[in-house]
Protein chains: 2
Amino acid sequence: MPEKVTIATVARRARVSRQTVSNVLNAPHIVREETRLRVQEAIAALGYRANQAARQMRTGRSRLIAVRIEPTRDGINGSVLDRFLHGLTETAETAGYRTMLYTATDDQQEIATYDDLLSSYELDAFVLTGTDHGDPRTAWLAARGVPFVTFGRPWDAPESHPWVDVDGAAGTAAATAHLLAAGHRRIGFVGWPAGSGVGDDRRTGWHRSLVAAGVDPVGLDRQTPDGIAEGERVARELLDRATPTALVCASDSLALGALQAVRARTPAVPVIGFDDTPVAGAIGLSSVSQPLGEAAARCVDLLTAVLDGSHPATDHVLLQPSLVLRHTT
Amino acid sequence: MPEKVTIATVARRARVSRQTVSNVLNAPHIVREETRLRVQEAIAALGYRANQAARQMRTGRSRLIAVRIEPTRDGINGSVLDRFLHGLTETAETAGYRTMLYTATDDQQEIATYDDLLSSYELDAFVLTGTDHGDPRTAWLAARGVPFVTFGRPWDAPESHPWVDVDGAAGTAAATAHLLAAGHRRIGFVGWPAGSGVGDDRRTGWHRSLVAAGVDPVGLDRQTPDGIAEGERVARELLDRATPTALVCASDSLALGALQAVRARTPAVPVIGFDDTPVAGAIGLSSVSQPLGEAAARCVDLLTAVLDGSHPATDHVLLQPSLVLRHTT
DNA sequence: TTGTAGGCGTTATCAA
DNA sequence: TTGATAACGCCTACAA
């Protein structure tokens with residue numbers, strides 16, 4: 001087991017004071033080159049690394065960011081956040097931050113966790129996902145001046161804090177446009193109940209695309225909580241009542257259900273899902289793909305900008321999704 | 001923004017010394033009850049929480065455990081580790097530990113990360129996944145006396161360190177037994193190339209089950225790297241050459257491919273996968289399910305035992321998987 | 001440009 | 001049983 005290497009060990013070896021070593025680390029430009037090189041050589045030779053706990057005590061910064069990990073719901077949509085999490089961890093690492101995980105069952109408990117995390121570990125920032133109308137979490141963090149960024153727009157007040165999001169409406173619009181181009185007119189939409197920002201956004205794209213093409217969308221959409229069985233049920237209902245010739249869905253789960261419903265119909269009824277989850281790839285379901293890696297990277301960008309005190313021109317990033325076509329269209 | 005509450009704030013309010021507050025926190029039994037209650041009241045009233053960085057400086061312990069997050073490969077098998085990670089975070093929280101994430105591209109880089117994590121953040125322990133024969137990571141950690149537990153057996157030396165694993169052989173044996181009970185004799189196996197501990201383990205269960213039933217397994221299995229296309233290819237090959245009437249697969253990806261291969265065969269060829277990933281649930285694929293939440297919990301148990309210095313009777317845990325039957329059987 | 005002194009919040013040691 | 005003192009490793013002021 002190697003002995004603990006502190007700033008003092010380095011100082012001794014380089015025959016300078018501890019302060020000079022600290023300067024080499026934090027303000028290299030004020031150290032004479034010859035001295036700096038000697039210190040850097042000592043650092044490398046000893047494998048010295050600054051102790052975060054000690055640094056944090058002085059600076060109050062931990063170089064740690066917190067992200068919530070969700071219970072996997074149906075396991076399909078959960079993969080979206082998992083992919084985001086991976087991208088986040090990776091990008092944060094290259095920016096010199098580590099990622100810390102926490103769980104929470106509801107907003108209030110999550111806020112209690114913020115409090116705990118902040119006072120025990122002095123986290124530098126939070127990355128929130130799944131924001132919705134009137135989110136109490138963002139209000140709490142903002143009130144305390146805690147840096148944070150959300151993956152997902154604040155639907156109420158778009159300017160209130162830094163966020164990164166993917167343009168869901170553009171995604172469903174592209175899906176709808178693709179079907180229109182293929183000659184379809186009566187294109188149905190299977191979505192979530194009105195009221196959720198994300199769900200409404202995705203419905204909007206379909207609606208707007210249809211209207212632009214001169215098709216009346218009335219009666220062509222259905223709403224249901226997420227799930228495969230739910231998707232199948234309402235898709236069947238939609239097919240029976242409104243006879244759409246193609247379907248756009250708000251999620252891959254819904255699309256999977258819709259796929260069951262359209263099975264064996266002639267002519268075939270194309271179905272397009274949302275999120276391009278592994279399931280979609282596995283079964284050949286066309287889907288709208290979110291650039292999750294880039295979204296994560298931009299979140300880190302925004303965060304480091306805030307943490308370094310530099311105020312960038314823009315702190316709202318809206319990314320464009322892409323349509324991945326497979327067998328089902 | 002609330003003022004920072006330190007042990008001194010609490011001490012002042014409770015009219016005791018800082019040391020007494022510390023004792024109430026870390027050794028309550030040596031404090032007179034009356035004093036202790038007064039201090040606890042002050043702690044509650046002020047919302048005091050011990051600062052981890054300061055505590056860590058003194059004790060050298062961070063109450064942090066590290067887990068690696070993998071790049072999602074095909075996104076199907078990746079979900080296994082994601083579910084494990086969720087369970088781990090949750091259980092660790094209840095045990096008073098937080099989870100820190102890191103990424104690594106190969107074993108050497110991962111070891112470099114250990115070094116970094118250990119000297120910068122003084123992590124208390126590591127949870128490793130995906131161990132294989134002659135894993136350099138466990139050797140490195142063991143040599144330095146760093147506490148760790150692996151999810152996955154050390155295939156070379158079963159006694160060398162604490163581990164938790166799921167009995168893969170029992171899983172494929174159960175799958176095979178189920179098919180045997182349904183009247184099948186020529187049951188094929190689609191697995192990974194020999195040499196990986198996990199893959200060989202899963203093949204063993206199928207092999208043993210067949211032999212026990214008096215069926216000669218020779219020629220009834222194929223090997224391929226993981227993947228849907230790969231699974232389809234070798235399953236097709238197997239069906240053509242060895243005419244199995246049912247298939248057991250080493251993963252859901254392979255099973256998904258096999259499902260393509262057996263499509264439209266009469267009589268139907270049942271397929272059973274492994275891992276019970278969301279995809280399996282979504283498309284009705286029967287699969288062997290690992291108790292990932294429990295595995296994670298046991299990992300935390302083992303870790304806390306090591307960290308608290310108590311040496312439990314057993315530090316090797318082998319959990320039993322369960323067979324989830326769906327349409328494909 | 002380099003060195004010295006002090007303190008961040010906590011706990012271990014030892015004395016009262 | 002409680003309290004005073006020192007120390008963990010680092011960084012910021014200030015002095016040399």
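Proteins come first, then strands; the chains are lettered A, B, ... in the order of their sequence lines, and each starts at number 1.
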Whole-Å distance between [N] [atom2] and [X] [atom1]?
X: R38(A); N: dT1(C); atom1: CZ; atom2: P; answer: 14 Å
X: R61(B); N: dT10(C); atom1: CZ; atom2: P; answer: 17 Å
X: M57(A); N: dT11(C); atom1: CE; atom2: P; answer: 11 Å
X: E122(A); N: dC8(C); atom1: CD; atom2: P; answer: 13 Å

Difference in axis direction between the ends of the helix from dT1(C)-dA16(D) to dA16(C)-dT1(D), five pairs, 10°: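 The value is 40°.
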
Do [X] and [Y] have side-chain atoms, one donor and one acceptor, less than 3.5 Å apart?
X: H133(B); Y: W155(B); result: no
X: T94(B); Y: T91(B); result: no
X: T103(B); Y: E93(A); result: yes
X: S120(A); Y: D116(A); result: yes

Nucleic acid contacts - residues 11-35 of chain B versus DNA chain D, non-hydrogen atoms under 4.0 Å: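 Contacting residues: V16(B), S17(B), R18(B), Q19(B), T20(B), I30(B), V31(B), R32(B), T35(B).
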
DNA chain D: 5'-most and 3'-most nucleotides touching chain B, 4.0 angstrom heavy-atom criterion: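 Using the under 4.0 Å cut-off, the span is dT1(D) to dG9(D).
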
D115(A)/R49(B) ion pair, N-O < 4.0 Å: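 Salt bridge flag = yes for R49(B) with D115(A).
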
Any sub-3.5 Å donor-acceptor pair from [X]'s side-chain atoms to [Y]'s backbone N or O?
X: R298(B); Y: V164(B); value: no
X: T304(A); Y: V300(A); value: yes
X: D106(B); Y: Q109(B); value: yes
X: R153(B); Y: V166(B); value: yes

OP1 or OP2 of dT10(C) under 4.0 Å from side-chain N/O of Y48(B):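 For dT10(C), OP1 or OP2 has a side-chain N or O of Y48(B) closer than 4.0 Å.
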
Plane angle bin for Y114(A) and W140(A) - parallel if under 30°, tilted between 30 and 60°, otherwise perpendicular: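 Correct class here is tilted.
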
Aromatic ring pairing F126(B)/Y102(B), orientation class (parallel under 30°, perpendicular over 60°, tilted between):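 The arrangement is perpendicular - the two ring planes meet at more than 60°.
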
Sugar-phosphate only, base, or nothing, as touched by A53(A) at under 4.0 Å among non-hydrogen atoms: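 No contact.
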
Residue mapping more 5' on DNA chain D - nearest nucleotide basis, T59(A) or R36(B):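 This one resolves to R36(B).
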
Distance-only donor-acceptor test (3.5 Å): side chain R55(B), base dT10(C):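 No.
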
